Engineer: 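I have a structure here, written as C-alpha cells, and I will follow up with some questions on it.
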Amino acid sequence: MSQMIFINEGQYPSFHLTNGKLSYIFHVLESTQTLEQLYYGAAIKPRDNYDYLIEREVRPSNNLYQDTHTTSFEHIKQEFPVYGTTDFRYPAIEIAYPDGDHISHLSYVGYTQLSGKQTSNLQPMLRAGEEDAATLIIHLKDNYSQAAIDLHYTIYREQAVIVRRVVVHNRGEESLRLKRLLSMSIDFPHDDFELLHLYGAWARETHLERKPLIKGVQNFSSTRGASSHAHNPFLALVAPNTSEHQGEAFGFSLVYSGNFLSQIEVDTYHVTRVSMGINPFQFDWYLDTGESFESPEVVMAYSSKGLNGMSQQFHDIYRQQLLHNETPFEKAPVLLNSWEANYFDFDEKKLLEQAQLSKDLGFDLFVLDDGWFGKRDSDNGSLGNWTTDLDKIPQGIRSLASNIQAMGIHFGLWFEPEMLSVDTPVYQAHPEWIIGHPNKNISHGRNQFVLDFSNPDVVANIFEQMSQILGSAEIDYIKWDMNRYISEPFSNFLKKHQQGELFHRYILGVYDLLDRIRKAFPAVFIETCAGGGGRYDPAMLFYANQNWISDDTDAIERLKIQYGASMVYPISTMGSHVSEIPNHQVGRITSLKMRKDVALFGTFGYELDIMKLSDADREEVRQQINQFNQYQSLLHHGDFYRLNSPFEAGLTAWMVVSKDQSEAIVGVYQSQASANSAYERIQLAGLASDQAYELLELDHESKDIPVRYGDDLMAIGLILNENFTGRADEYWGREKAGEYHSRVFYLKTKKDK
Ligand code: GLA
C-alpha cells in the first residue's frame with residue numbers, strides 16, 4: 001500500500017498528506033508549538049523540508065515575543081486557530097475558562113497514524129477500509145487547562161478528498177465549557193477566488209450562487225435546528241476562471257444535519273480563511289471530567305478539472321463511503337408516492353386499486369404518504385400517535401401491507417418521527433416533551449410541535465411506536481419527514497446550564513433514532529425528507545438511501561434544484577418524481593415526456609393519480625419505467641457532468657458517462673421557446689476521444705443511428721438544430737418544439753468502428 005502520509009520527524013515535525021491527486025501540508029512552529037498551514041492544492045512531491053513555504057513579512061503588529069516583528073499569529077497561516085492571541089480573525093475553537101476569560105494556547109504534543117479511519121457511534125461519519133484511506137491524528141494540549149484536542153485528518157486513496165474533524169477530551173478535574181468548536185479551519189494565502197454556495201427556501205432549494213469574494217467575513221449558516229432549506233452545509237472556493245470543465249475548485253461539505261456555520265474571512269492581507277462546523281451561535285457545551293466532544297466531519301474535495309471534477313469527488317466518496325447501500329430491492333426501486341394523488345383523502349379500497357395498477361404498470365414500490373395514522377384527515381393533528389387509522393384502513397397496516405406485497409410489489413410508509421400534535425396520548429401524558437419554555441410563547445409550525453430529542457426517553461418512546469408498526473408488517477421503505485424548524489429552543493429535560501447544548505443534543509437524538517431503526521430493520525429503505533429539501537445533507541444520507549429534495553415537482557423548477565444539488569450530492573440520492581399537471585406548486589403544464597426526462601436524472605418515481613391517466617398515458621408510463629430500468633445502473637453509478645446551467649441559459653444540459661466510458665446518457669431541456677433562433681450545440685464531456693459512439697435519441701423514431709467519435713462530440717458537440725437541406729417546403733408545416741421541451745440521447749461505443 002503506497003504511503004499517503006509523509007512526516008518529517010524532529011522536535012518540530014512537518015506533515016504532508018498526498019495521494020498524487022492533492023497535497024495538504026502543515027508543520028509545527030518552533031517558537032510556539034502551534035500549527036502553521038503551509039499548502040493545500042494540487043499534488044506536489046514530498047520533501048524533507050518545507051521551510052521554503054514559510055512566508056514572514058516584517059509588519060507592524062502585535063507580536064508574541066519581545067524583539068521580533070514576525071511572530072504575530074495574524075500573519076501566520078493557522079491550521080487550527082484559537083481565541084486570545086495575536087490572531088484577530090475568527091477562531092476554530094473557543095473555551096470559556098473558570099476565571100471568565102477565553103484565552104487559549106494549543107501546543108503540539110505528538111501524532112498517531114492509522115490505516116483506514118476511526119468512526120463514531122454518536123454521529124454519521126464516512127467509512128474507510130484499511131486499504132482505502134490513512135488517518136493522521138495530531139494531538140494538541142491546551143496550555144491553560146487539561147483539555148486535549150485531537151485533529152483528525154483522513155486522506156483517501158482513490159479520491160482527491162481529505163476528511164477533517166476534531167475531538168476535545170477533558171482530562172482535568174473541572175468541567176470545561178466549549179463556546180465554539182468548528183470541525184476545520186484553513187488559511188489560503190490569497191483571495192483570488194470566487195465563492196459558490198447553495199441557497200433557497202421551501203420548494204426552491206439548492207439554488208446556485210457564485211460571487212467574487214469580498215474583504216471581511218461572509219457566512220452561511222443555520223439557526224433553525226436543521227441544516228435547512230435556506231443554506232446547504234456546502235461551499236466551494238473556485239478560481240475566477242474555473243468553469244464546469246477546467247480550473248481549480250476547493251469544495252467543503254459538512255456531514256451535519258443541525259445548526260451549522262460555513263464561514264469565509266478574507267483579511268486585509270488577502271488571506272482567505274475557510275472554517276466550517278457546528279454553528280457557535282446558541283452553542284454552549286459543558287464537558288465534564290473524562291468526557292469527550294466530537295465535532296462532525298468536513299469533507300474537503302479538491303479539483304483541478306473544474307466544478308464537475310469537484311462534484312465527482314463528492315459523488316464517488318459519498319456513494320462508496322457514506323450512503324447506506326443495503327436495500328430490499330435488486331435495483332433502484334421505481335416508486336409511486338400517494339401524496340399528490342390523495343393528500344389525506346383515501347381509504348383502503350382506493351389504496352389497493354392504486355397499488356394494483358402501479359404493479360401492472362411496472363412499479364416496484366407503493367408508498368403510502370401522510371394521513372394513515374391517528375385521526376389525520378388534515379395536517380391538524382395526530383403526529384406522535386403512530387397507530388393505524390382504522391376508519392381509513394379497517395384491517396390495519398399489516399393487512400394492507402401484505403395485500404400489496406401479495407400483488408408482487410413492495411410497500412412503504414411515511415413517518416414524521418420528530419413531531420408531536422397536542423391531540424395525541426403522548427402529548428396528554430407528557431406535555432413537557434415538546435421543545436419550548438412552559439411560560440413563554442411556543443410557535444407551532446403546520447400545527448405541530450418539535451419533540452425534545454435531547455431526552456432519551458422521548459427517542460425511546462418513538463422508537464417503540466415505530467418498531468410496533470415496522471415489526472408487525474412487511475414494510476420495505478420509510479419516508480422520514482420533518483416539517484418544521486425549532487423556533488423557541490428550550491428543553492424541560494436539560495439542566496439550566498445545558499440549554500446551550502439543546503440543538504446539538506437534538507440532532508444526536510435524531511441520529512440515535514435513525515441508528516436504532518437501521519439496526520433493528522437493517523434492510524429497510526429510507527428516504528429522508530424535511531418539507532422537501534430542508535435537511536438534504538451528507539449526515540442524513542449516512543442513514544438514508546435517498547432524499548426527497550424538494551416539494552416542488554415541476555419539471556422546469558426541478559432543473560435548477562437538481563442542477564444545484566449535484567454540486568455535492570449524487571443524482572442517485574435525489575428524490576425526483578413525475579407528478580400531476582397542472583403542477584401543484586406552480587401550475588405549469590409540461591408533457592409527460594419532459595417530466596420523465598427530468599426525473600430520470602434522479603431516483604425516478606411518480607407522484608400522481610395513476611387511476612386518472614388515459615390508456616395512452618398509462619402505456620407511456622409503462623414504457624418510461626422500462627426505460628429507467630434499462631439505464632438506471634448507468635445513471636446511478638456513472639460520472640455526472642453538468643453541461644449547460646439553467647441559472648445562465650434557457651437550455652439546460654447534463655449527462656452521465658459510465659466509468660468505463662463505453663456508454664453515456666445526455667439530457668437536454670428547453671425552458672423557453674424562441675423563434676428564428678441561433679444554432680445550438682451542446683459540447684459533451686467525459687467520453688473516450690478515440691471511441692466511436694452510436695447516438696440514439698430516446699423516445700424518437702429514427703431510421704439511421706448516427707455514429708460520432710468521442711473527440712468530435714466533445715469538441716463540436718451535439719448539433720441540436722434540424723437539418724432542413726432540400727426540404728424547403730416543410731418550413732411552415734414543420735413540427736415545433738414548444739415552450740417546454742426535452743430530449744434524451746443514449747450513446748454506446750460501437751465496437752466495429
Ligand atoms: C412534506 C413532504 C411531502 C409530503 C407531506 C405530507 O411536505 O415534503 O412530500 O410527505 O409532507 O404531509
Side-chain angles (χ1 to χ4, degrees), residues 200-206 224-230 232 257 335-346 351 354 365-386 389 392 411-421 423-424 444-450 466 469 475 477-485 510 525-537 540-541 544-554 557-558 561-562 565 573-580 583-586 595 599 602-609:
W202 171 79
R204 63 177 161 79
E205 297 84 345
T206 53
R224 299 163 185 257
S227 45
S228 94
H229 301 86
N232 203 269
S257 309
L335 65 81
L336 177 69
N337 177 291
S338 69
W339 180 239
E340 288 194 3
N342 300 342
Y343 291 107
F344 297 101
D345 180 19
F346 58 86
L351 296 175
Q354 292 172 339
L365 169 68
F366 179 79
V367 175
L368 174 52
D369 208 279
D370 197 353
W372 59 268
F373 51 90
K375 194 84 207 77
R376 189 154 161 98
D377 296 325
S378 70
D379 63 7
N380 264 337
S382 295
L383 294 169
N385 177 9
W386 299 108
D389 179 353
K392 282 184 187 156
F411 177 66
L413 208 53
W414 181 95
F415 286 93
E416 194 175 356
E418 299 150 64
M419 297 295 149
L420 196 65
S421 308
D423 63 349
T424 53
H444 72 84
R446 213 186 173 197
N447 308 304
Q448 64 200 47
F449 299 92
V450 186
M466 289 179 77
I469 296 281
I475 292 163
Y477 163 108
I478 300 174
K479 181 168 170 189
W480 186 299
D481 210 341
M482 194 285 290
N483 276 307
R484 65 154 295 183
Y485 297 128
V510 175
F525 191 97
I526 299 182
E527 177 157 6
T528 43
C529 170
R535 218 165 44 183
Y536 189 24
D537 58 60
M540 281 293 132
L541 290 179
N545 305 80
Q546 59 193 41
N547 187 288
W548 180 233
I549 65 168
S550 182
D551 279 347
D552 189 345
T553 55
D554 172 67
E557 296 272 296
R558 273 295 184 124
I561 296 168
Q562 292 176 210
T573 67
M574 293 180 196
S576 54
H577 295 170
V578 175
S579 65
E580 297 276 348
N583 175 266
H584 286 196
Q585 290 73 39
V586 295
R595 283 172 277 154
T603 63
F604 197 68
Y606 289 72
E607 186 162 343
L608 42 74
D609 192 346

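Numbering of ligands and ligand atoms starts at 1, following listing order. Every value quoted in this text rests on a predicted model; they were computed, and no experiment measured them. We use all heavy atoms of the structure for the numbers below, so side chains are in, but hydrogens, waters and symmetry mates are not.
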Engineer: Which one holds for E416 and ligand 1: side chain close, backbone close, both close, or neither close, with close meaning a heavy atom under 4.0 Å?
Structural biologist: neither
Engineer: Of N337, D370, D481, which is the lone residue that meets side-chain hydrogen bond (donor to acceptor under 3.5 Å, both in side chains) with W414?
Structural biologist: D481
Engineer: Between D389 and K375, does any side-chain N to carboxylate O distance fall below 4.0 Å?
Structural biologist: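 Looking at D389 and K375, the cut-off is met.
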Engineer: Which atoms of ligand 1 are found less than 4.0 Å from any heavy atom of K479?
Structural biologist: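 Result: 3 (C), 4 (C), 9 (O), 10 (O).
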Engineer: State the CD-CZ distance between E416 and R484, to the nearest 0.5 angstrom.
Structural biologist: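 Between atom CD of E416 and atom CZ of R484 there are 10.0 Å.
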Engineer: Can you tell me how far CG of D423 sits from OG of S421, rounded to the nearest 0.5 angstrom?
Structural biologist: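 That separation rounds to 5.5 Å.
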Engineer: Looking at Y536, is its backbone amide N or carbonyl O close enough to the side chain of N232 to form a donor-acceptor pair, meaning the two atoms are under 3.5 Å apart?
Structural biologist: yes
Engineer: Quick one: ring pair (Phe, Tyr, Trp, His ring centres under 6.0 Å) partners of F366, sequence neighbours excluded?
Structural biologist: none
Engineer: Has ligand 1 got any nitrogen or oxygen that is less than 3.5 angstrom from a nitrogen or oxygen of C529?
Structural biologist: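 Among all N and O atoms of C529, none is under 3.5 Å from an N or O of ligand 1.
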Engineer: Rounded to the nearest 0.5 Å, how far does CZ of R446 lie from CG of D379?
Structural biologist: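 Answer for the CG-CZ pair, D379 versus R446, is 4.5 Å.
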Engineer: Nearest protein heavy-atom contact for atom 7 (O) of ligand 1: which residue, which atom, what distance?
Structural biologist: D551 OD2, 2.9 Å
Engineer: Is it the side chain (CB and beyond), the backbone, both or neither of D379 that lies under 4.0 Å from ligand 1, heavy atoms counted?
Structural biologist: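 Neither; nothing of D379 gets under 4.0 Å from ligand 1.
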Engineer: Which residue supplies the protein heavy atom nearest to atom 4 (C) of ligand 1, what is that atom called, and how far is it?
Structural biologist: D369 OD1, 3.4 Å
Engineer: Show the atoms of ligand 1 that are less than 4.0 angstrom away from any heavy atom in W339.
Structural biologist: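 Reading through ligand 1 atom by atom, the close ones are 4 (C), 5 (C), 6 (C), 12 (O).
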Engineer: When you look for heavy atoms under 4.0 Å from ligand 1, do you find them on the side chain of E607, its backbone, both, or neither?
Structural biologist: neither
Engineer: Between D370, D481, T553, D552, flag the one that comes closest to atom 2 (C) of ligand 1 by a heavy atom.
Structural biologist: D481
